[in-house]
Amino acid sequence: MSKTIFITGASRGFGKIWAEAFLERGDKVVATARNTDALKELKQQYGDALLVLQLDVTDRNACFAAINTAKEYFGHVDTVINNAGYGLFGTIEETTEKEARDQMEANVFGLLWVTQAALPVMRAQGHGHIIQVSSVLGQATLPTLGVYNASKWAVEGLSETLATEVKEFGIHVTLVEPNGFATDWAGSSATHAQPIAAYDGVKAAFQAGLTEDSFGIPEATADAMLQLTETENPPLRLLLGKVGFPWLKQVYADRLATWGEWEAVSATAHGK
């Protein structure tokens, strides 16, 4: 049976690639974006199977209205993919208050508002799948992306908690954690803080560690998303790309080793 899939940030990158893949499979898609012009060709091609909605996810009322419109149009909302968001490049010291707040508004609060809007619909249906587009940087960090990292760590904690709260309603939650991909994420979609020369060395070292193989092909993620939305028991977390798994294995090995070294101190701090 075809599904109704609600996708935020669908005007380009992953969102648009996935929207087209779902439409090709025969699903119904609600594609939202701040600028919907980029979705005109898809609309012409797929007609009534695609509902295009203008949406700024930082507007909570608009998020609720968009979900309600989707339900009224298609009758149900089976899957929500919270894909909207962007990257903020800059060290912690370089980042302004506005840049930090705007990053959190889009990447965390926007996702939260759409999730809150979808939950009553999915509870009433008795089923649903909320897919949160996090990042491998929600599990480990890289320099010069501190506030972005923080936004994805927030998404991880929020969504892991959510999964335990809504399981009894037949609602699944999955955190999709891509490594780097050759999208526009680091290009015109990104925001860059005003540089401080003292951090030039940190940035140079970070850039020197990147290779062409560090970045996956965005279109190759479509099959994984099709499989994820088909399975009856989706995972809580799904890495996209080949870089994340070996990196995180080492990160967690290092964490376990450090916790082990300090285990006696930790236990003493319990007090009994």
Side-chain angles (χ1 to χ4, degrees), residues 1-87 102 105-107 109-115 117-118 121-122 128-135 174 176 178 181-191 216-230 240:
M1 292 178 62
S2 68
K3 296 178 180 292
T4 297
I5 300 177
F6 184 103
I7 308 176
T8 66
S11 62
R12 54 183 168 180
F14 285 144
K16 190 173 184 181
I17 290 167
W18 299 341
E20 188 164 10
F22 293 129
L23 289 164
E24 287 179 356
R25 184 172 70 178
D27 294 321
K28 306 294 191 297
V29 172
V30 183
T32 78
R34 286 184 299 176
N35 184 351
T36 59
D37 289 345
L39 294 165
K40 288 181 178 178
E41 290 185 9
L42 274 185
K43 180 62 178 175
Q44 292 173 354
Q45 182 176 357
Y46 289 98
D48 291 341
L50 173 62
L51 174 63
V52 176
L53 298 176
Q54 194 280 332
L55 177 63
D56 177 352
V57 295
T58 65
D59 183 336
R60 188 173 187 271
N61 290 334
C63 292
F64 276 76
I67 289 287
N68 288 334
T69 298
K71 182 184 181 300
E72 291 172 3
Y73 190 84
F74 286 122
H76 49 94
V77 178
D78 301 301
T79 304
V80 167
I81 302 178
N82 273 308
N83 171 67
Y86 66 94
D102 287 350
E105 285 288 344
N107 290 11
F109 288 103
L111 173 146
L112 174 59
W113 305 148
V114 173
T115 298
V121 174
M122 291 182 171
H129 190 185
I130 296 175
I131 299 174
Q132 317 284 43
V133 180
S134 179
S135 168
T174 298
V176 169
F181 278 84
T183 66
D184 191 44
W185 178 80
S188 62
S189 295
T191 297
I217 300 169
E219 291 76 10
T221 64
D223 283 345
M225 295 301 290
L226 291 173
Q227 291 181 54
L228 178 61
T229 54
E230 285 177 345
L240 293 184

Side-chain donor/acceptor of [X] to backbone N/O of [Y], under 3.5 Å:
{"X": "N107", "Y": "Y86", "value": "yes"}
{"X": "K28", "Y": "V77", "value": "no"}
{"X": "D27", "Y": "L23", "value": "no"}

Passing candidate, side chain to side chain contact (heavy atoms under 4.5 Å, CB included) with N82, options V57, L111, V176
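Single side chain to side chain contact (heavy atoms under 4.5 Å, CB included) partner of N82 among V57, L111, V176: L111.
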Looking at every non-hydrogen atom in both residues, tell me the closest pair between [X] and [Y] and how far apart they are.
{"X": "I130", "Y": "M122", "result": "CG1-SD, 3.8 Å"}
{"X": "A33", "Y": "S11", "result": "CB-CB, 3.7 Å"}
{"X": "I81", "Y": "F22", "result": "CD1-CE1, 3.6 Å"}
{"X": "V30", "Y": "A70", "result": "CG2-CB, 3.6 Å"}
{"X": "A224", "Y": "L240", "result": "CB-CD2, 3.8 Å"}
{"X": "D59", "Y": "W113", "result": "C-CD1, 4.5 Å"}

Show me, pair by pair, the donor-acceptor contacts under 3.5 angstrom made by side chains of residues 1-10, not counting sequence neighbours?
residue : atom : partner : partner atom : Å
T8      : OG1  : N83     : N            : 2.9
T8      : OG1  : A84     : N            : 2.9

List the steps, then state whether side chain to side chain contact (heavy atoms under 4.5 Å, CB included) holds for T69 with K71.
CA-CA 5 Å; T69 298; K71 182 184 181 300; over 6 Å; no
Side-chain heavy-atom pair [X], [Y] within 4.5 angstrom cut-off:
{"X": "L53", "Y": "T36", "result": "no"}
{"X": "C63", "Y": "L55", "result": "yes"}
{"X": "M225", "Y": "L228", "result": "yes"}
{"X": "T115", "Y": "V80", "result": "no"}

Please report the interatomic distance [atom1]([X]) to [atom2]([Y]), rounded to the nearest 0.5 Å.
{"X": "E20", "Y": "E24", "atom1": "CD", "atom2": "CD", "answer": "5.0 Å"}
{"X": "L112", "Y": "Q132", "atom1": "CG", "atom2": "CD", "answer": "9.0 Å"}
{"X": "L51", "Y": "T32", "atom1": "CG", "atom2": "OG1", "answer": "10.0 Å"}
{"X": "N35", "Y": "D56", "atom1": "CG", "atom2": "CG", "answer": "12.0 Å"}
{"X": "T183", "Y": "I17", "atom1": "OG1", "atom2": "CD1", "answer": "8.0 Å"}
{"X": "T221", "Y": "W18", "atom1": "OG1", "atom2": "CH2", "answer": "5.5 Å"}

Could you go through residues 40-49 and list every donor-acceptor pair under 3.5 Å that involves a side-chain atom there, pairing it with any protein atom two or more places apart or in another chain?
residue : atom : partner : partner atom : Å
K43     : NZ   : G47     : O            : 3.0
K43     : NZ   : L50     : O            : 2.6

Tell me yes or no: between the side chains of R25 and T229, is some donor less than 3.5 Å from an acceptor?
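There is such a pair (donor and acceptor under 3.5 Å, judged by atom type) between the side chains of R25 and T229.
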